[in-house]
Structures are given as structure tokens and as C-alpha cells.
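First the structure, in the form of C-alpha cells, and then the observations on it.
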Amino acid sequence: MSVTRRALVLGGGGFVASAWEVGLISGVAATGVDLRDYDMFLGTSSGARVALHLASGSGLDELFHQQLGPLPSPPGSPSTVDWQKVRAEWARAKEIGGGSAAILRRVGALALRIAGSGDGDRRKAVAAQLPVQTWPEKALVIVGVNAETGERRAFDRNTGVELVDAVMATTAFWGWPPAFFEGCHYIDGGFYSSDNADLASGFDQVLILALRPPVTSLCVASLDEAVESLRAGGAQVDVVHPDEDCQEAFASVGGPMNPAVRAPAAKAGRAQGQRLGEGGLLSL
């Protein structure tokens, strides 16, 4: 008798994404379905933090209630970013073309130019936020991008990279200092894809939790492409986006990097998760 192998993909998107994901997962759990039972967790950017909590067995109610309070260990502040310049440079990098690696080399160069300092301080802050300091036994994949080569890198317990370095890499968004290890700088895996769901290839069932992509996407690969690829490989794929109630909750607070969005996003996500669980709307 064959065993169904399941992967849970957690996309990035700042405090909005992680709080919504935590809320939704805890809401689904309240209906009797525990997503911590999945076989592999794939996280990008802020979604990597949630993936780590699930893989390490963190309590879901405790994790949910953490979203309702202040950040347990503020990671400091990124450098001031000229978003108009970033969007213009990103558009130019795409226009020049040359493939995803070539585009991401240009993006990496820009990220390095505008990066903040204090990498060591950030490492301490990031480490303090993690539920564990070493890779969990359960399969966990965290995605980063090599700023110099433009190549995507999937980190797991077999790559020899320390867990805190992998988390620093995948959360090194605009203004944050890139993570430096193995002689290379690494930036947010979301620069390649906000979800990197295609890396769940080989699993029978794939559940993807992801924000709806913005009109102007700051990545080179789309979720639709990943879903098509996974389904072509024979996987059963479910994609969950924030519903209208969640979108309204997000809009009431502001940008995705505003910590104040955590509580309303988590509460709205929990309600959505309960509706999904009770209605049997996920093929789990």
C-alpha cells in the first residue's frame, strides 16, 4: 500500500503573510486537522519562520496568541529604502532580461548597494526569535538567493548551513543586510518566487498558503507556473489565498511590514481557517 506524501508551502509577504498563515493554520487545527502532520514544510521569507515553527512542533494556540502581542524580540530596523528607485531598478533588471539568474544578479547587486549594516546584531536578534537553534528532524526547506550569482538555493538540514543563517538569508529583504556565509551573500528567496512552490515537486499532495500576488510582482517566477508544474507532475495541489474578510483586515492597518497588522491578520486568518476546516474545503 502506497503512502501519500504531503508538502505544505508557506509563502512570504512580511508580517501580513506570517500572521495570516499562523491564524489560518490554528483555525484549521481547531476543527481537528493538524497541518503539523505534513511530511515536508517549505518556507520562503516570513513564511520560513512559520514553516520552522510547524516543523519543530510549536504549539499552535501559543503561536497564534504571540501574534496578538508585541514582537518578542524586535529585529531592529532596516535601512531606509527608496521604493520608487527599487521598483524602477527591478523593472530595468527584467527589461534587460537574460534569464532568471541574470535578472537576480542585478537585483542582488542593488540589494547589496542599499543594504543596511549590523549583520552580527541582526544574527543575534534572528536567533533569539527562533523556536529552535538547530534544524528539526522533520523535513524543512528554506529558500534564499545568492546575491552574486543570482542562483536560487534551497537550504535544509543536509546542506551544512546553520539554521539561523538560512533564516537570515530568506528574510534579507530590501534594506536588511544580506546574510553572509560560505563566502557568499544571500538575499530573500522571495526575489525568485514569493512561494517557491515548485520545490515541492515529488510530493503527492501540496497545500500552498500564499498572499495574492501584487499587480507589480518583485520576483521572477509566478505561483501559477509552479502550480501548473506540480500538477503536470501528478501532484494534487490546493492553493489558499486570504479571503475578502482577511483582505479587509489587512487594509485596515497598512503595509505588510507594519507589525501592527499581526493581530488583525491572525484573527482574520483563524476565522478563515475555521471556515475552511468546517466546510471540508481543503483536500487534506
Side-chain angles (χ1 to χ4, degrees), residues 3-13 15-69 72 129-143 154-158 163-164 166-167 170-171 189 195-197 199-200 202-211 230 235-242 246 262 265-284:
V3 176
T4 299
R5 299 179 68 242
R6 302 179 300 169
L8 179 61
V9 177
L10 297 146
F15 292 116
V16 164
S18 54
W20 168 72
E21 289 166 357
V22 166
L24 187 139
I25 291 165
S26 68
V28 171
T31 69
V33 178
D34 193 342
L35 299 185
R36 291 174 299 182
D37 292 337
Y38 270 56
D39 301 293
M40 190 272 276
F41 303 93
L42 169 61
T44 299
S45 197
S46 57
R49 295 177 183 270
V50 182
L52 173 58
H53 276 285
L54 299 181
S56 59
S58 294
L60 297 182
D61 282 339
E62 179 183 358
L63 193 56
F64 170 73
H65 287 291
Q66 286 177 2
Q67 306 303 309
L68 309 184
Q129 291 179 331
L130 303 184
V132 292
Q133 298 297 306
T134 57
W135 290 92
E137 289 297 319
K138 270 213 162 185
L140 169 67
V141 177
I142 293 175
V143 187
F155 303 107
D156 63 20
R157 68 194 310 267
N158 298 313
L163 176 63
V164 65
V167 174
T170 199
T171 54
D195 51 85
N196 291 285
L199 294 177
F203 285 83
D204 304 298
Q205 292 183 354
V206 181
L207 174 60
I208 303 168
L209 308 185
L211 300 182
L230 290 169
Q236 176 184 325
V237 183
D238 286 305
V239 181
V240 178
H241 294 301
C246 289
R262 294 165 69 243
K267 291 177 181 177
R270 187 178 178 95
Q272 181 184 4
Q274 288 176 322
R275 290 192 292 272
L276 288 172
E278 290 168 355
L281 299 179
L282 292 179
S283 301
L284 301 168

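Numbers here are sequence positions counted from 1. Computed over heavy atoms, backbone and side chain alike; hydrogens, waters and symmetry mates excluded.
- Remark: side-chain polar atoms of Gln133 are not paired, donor with acceptor, to backbone N or O of Val164 under 3.5 angstrom.
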### Task
Under the side-chain contact (heavy atoms from CB on, under 4.5 Å) rule, what do Ile25 and Val50 come out as? Steps first, then yes or no, please.
CA-CA 10 Å; Ile25 291 165; Val50 182; 4.1 Å; yes
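- Trp20 and Pro242 get closest at one heavy-atom pair: CZ2-N, 3.4 Å.
- Under the 3.5 Å distance criterion, the side-chain polar atoms of Arg49 are left unmatched by any main-chain donor or acceptor of Val167.
- The side-chain heavy atoms of Ser26 and Leu63, taken from C-beta on, include no pair separated by under 4.5 Å.
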### Task
Apply side-chain contact (heavy atoms from CB on, under 4.5 Å) to the pair Leu24 and Leu276, showing each step before the final yes or no.
CA-CA 9 Å; Leu24 187 139; Leu276 288 172; 4.0 Å; yes
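- Ser46 contributes a side-chain N or O that, together with a main-chain N or O of Gly13, makes up a donor-acceptor pair within less than 3.5 Å.
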### Task
Would you please test Arg6 and Leu207 for side-chain contact (heavy atoms from CB on, under 4.5 Å) and show each step?
CA-CA 8 Å; Arg6 302 179 300 169; Leu207 174 60; over 6 Å; no
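- Considering only heavy atoms from C-beta on, Leu163 comes within 4.5 Å of Leu52 through its side chain.
- Taking CZ of Arg36 as the reference point, atom OG of Ser58 lies at 8.0 Å (rounded to 0.5 Å).
- Among all heavy-atom pairs drawn from Ala266 and Leu68, the shortest one is CB-CD2, 4.5 Å.
- When every heavy atom of Val9 is checked against every heavy atom of Ala200, the shortest pair comes out as CG2-CB, 4.2 Å.
- At distances below 3.5 Å, at least one donor-acceptor pair connects side-chain atoms of Gln272 with backbone N or O atoms of His241.
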### Query
Where do Leu209 and Val240 land on the side-chain contact (heavy atoms from CB on, under 4.5 Å) test, with the steps shown first?
CA-CA 5 Å; Leu209 308 185; Val240 178; 3.7 Å; yes
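- If you run side chain to side chain contact (heavy atoms under 4.5 Å, CB included) between Leu54 and each of Leu140, Val22, Asp34, Leu10, only Leu10 comes through.
- Between the side chain of Asn196 and the main chain of Gly189, a donor-acceptor pair closer than 3.5 Å is present.
- The heavy-atom pair separating Val16 from Ala265 by the smallest distance is O-CB, 4.1 Å.
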